[in-house]
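Note sheet for the following structure.
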Amino acid sequence: MADAKYVRNISKLAPPRRRVASLVRQQIERDGARLWRLDDFKGSSFAAVAQALSRLTREGVIERLSKGVYYRCRPTAFGKSRPNPDAVLHLAARHRAIFPAGLAAANLLGFTTQTPKHREVATSAMSLPRKLVGSETLIHTRRPEAWAKLSPSDAALLDFLRQSARASELSPDDTIRKTLIFLSDDKRYRRLLQVASTEPPRVRAMLGAIGEELNYSPKILRSLRATLNPLSRYDFGALAGLRNAQKWQAKKYDRETL
């Protein structure tokens, strides 16, 4: 008992950096496998915590995933544990806008029940730390900065249009019907129009055909049409059956091939 009291007293007398390092190590070893950030050690010197985490990384106690983000693994029957992908993605999204893309976007919107074998995301950033989002994650970078203000469902809908709705497992008619339901929300349609200038021409053309079918303001639609090259033809994919698709320069398709 006396020895324990002596150790506690010595600990209190230890230099601040050494004391912080000891506290950081104890907390990490006590809590087991989980993600760690500098913010998890509030009340301690930022520089001392950063130095302690850097030392623990060199010793192999934790793994650095990206700047300020670390992971403490645990042994399993299949090797070292890996961080929960959803938790990691949520953490990454706190610092940069990250949205579902491809099959994940279609799944979020209800166009498919399939889940992608590998995660697919879109971001306005030039890159994402591979250790943070996973080495097998398919990343679409350099999305317009305007996407940062969108909700996940709005961004997913834009990505769905960028892919010409081909991720839908619904019939062409049901795909069109569901898309029209999403964009019959006037506020959503206007939010997408606000970023339309940063989208590929085919997306603007699809938004025009959809807007005309939903009887949106002719003035708004004229402005959208003015951004399109009148000689171009666009791939509407599964949305080629929109009533006004040809008027909005969609390529012609045989419905049987859609």
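Please read all numbers here as calculations on a predicted model, not as lab measurements.
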Approximate separation, where rounding is to 0.5 Å, of [X] [atom1] and [Y] [atom2]:
| X | Y | atom1 | atom2 | result |
| --- | --- | --- | --- | --- |
| Ile176 | Leu170 | CD1 | CG | 11.0 Å |
| Leu221 | Ile210 | CG | CD1 | 11.0 Å |
| Arg74 | Tyr71 | CZ | OH | 6.5 Å |
| Glu59 | Ser54 | CD | OG | 10.0 Å |
| Thr57 | Arg64 | OG1 | CZ | 8.0 Å |
| Arg222 | Arg225 | CZ | CZ | 10.5 Å |

Check the pair Leu224 / Tyr216 against side-chain contact (heavy atoms from CB on, under 4.5 Å), numbers first and verdict last. CA-CA 12 Å; Leu224 197 56; Tyr216 276 99; over 6 Å; no
Return yes if a side-chain donor-acceptor contact under 3.5 Å exists between [X] and [Y], otherwise no.
| X | Y | result |
| --- | --- | --- |
| Ser153 | Arg188 | yes |
| Ser22 | Arg18 | no |
| Thr113 | Glu169 | yes |

Closest heavy-atom contact between [X] and [Y]?
| X | Y | answer |
| --- | --- | --- |
| Val61 | Arg25 | CG2-NH1, 4.1 Å |
| Ala245 | Ala240 | CB-O, 3.4 Å |
| Leu207 | Ala196 | CD1-CB, 4.2 Å |
| Trp147 | Ala155 | CH2-O, 3.7 Å |
| Ala105 | Pro100 | CB-O, 3.7 Å |

Below 4.5 Å, heavy atoms only, C-beta onward: do Lys251 and Arg202 meet side chain to side chain?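 They are not in contact (no side-chain heavy atoms under 4.5 Å apart), so the answer is no.
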Contact check, side chains of Gln114 and Asn107, non-hydrogen atoms, under 4.5 Å: no
Is [Y] paired with [X] through a side-chain N to carboxylate O contact shorter than 4.0 Å?
| X | Y | value |
| --- | --- | --- |
| Asp186 | Arg190 | yes |
| Asp154 | Lys187 | no |
| Glu199 | Arg204 | no |

When you measure from the side chain of [X] to the backbone of [Y], do you find a donor-acceptor pair of N or O atoms at a distance under 3.5 Å?
| X | Y | value |
| --- | --- | --- |
| Thr179 | Thr175 | yes |
| Gln163 | Ala106 | no |
| Asp159 | Ala101 | no |
| Ser232 | Leu228 | no |
| Ser164 | Arg166 | no |
| Ser168 | Ala165 | no |
| Tyr189 | Phe182 | no |
| Arg162 | Val203 | no |
| Glu213 | Leu242 | no |

Same hydrophobic cluster for [X] and [Y], using side-chain heavy-atom links shorter than 4.5 Å among ILVMFWY?
| X | Y | value |
| --- | --- | --- |
| Leu103 | Leu239 | no |
| Leu158 | Ile181 | no |
| Val49 | Tyr70 | yes |
| Leu161 | Leu108 | no |

Could you go through Cys73 and Glu63, starting from their C-alpha distance and side-chain angles, then the distance that decides it, and tell me whether this counts as side-chain contact (heavy atoms from CB on, under 4.5 Å)? CA-CA 8 Å; Cys73 69; Glu63 178 185 359; 5.9 Å; no
Could you go through Tyr234 and Trp248, starting from their C-alpha distance and side-chain angles, then the distance that decides it, and tell me whether this counts as side-chain contact (heavy atoms from CB on, under 4.5 Å)? CA-CA 8 Å; Tyr234 305 110; Trp248 282 85; over 6 Å; no
Checking Arg72 against Trp36: charged group under 6.0 Å from the ring centre and within 45 degrees of the axis? no
Would Phe99 and Thr123 satisfy side-chain contact (heavy atoms from CB on, under 4.5 Å), going step by step from the backbone distance to the final call? CA-CA 6 Å; Phe99 303 103; Thr123 179; over 6 Å; no
Can you name the one residue among Leu23, Val20, Leu53 that meets side chain to side chain contact (heavy atoms under 4.5 Å, CB included) with Phe41?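 Considering Leu23, Val20, Leu53, a side chain to side chain contact (heavy atoms under 4.5 Å, CB included) with Phe41 is found only for Leu53.
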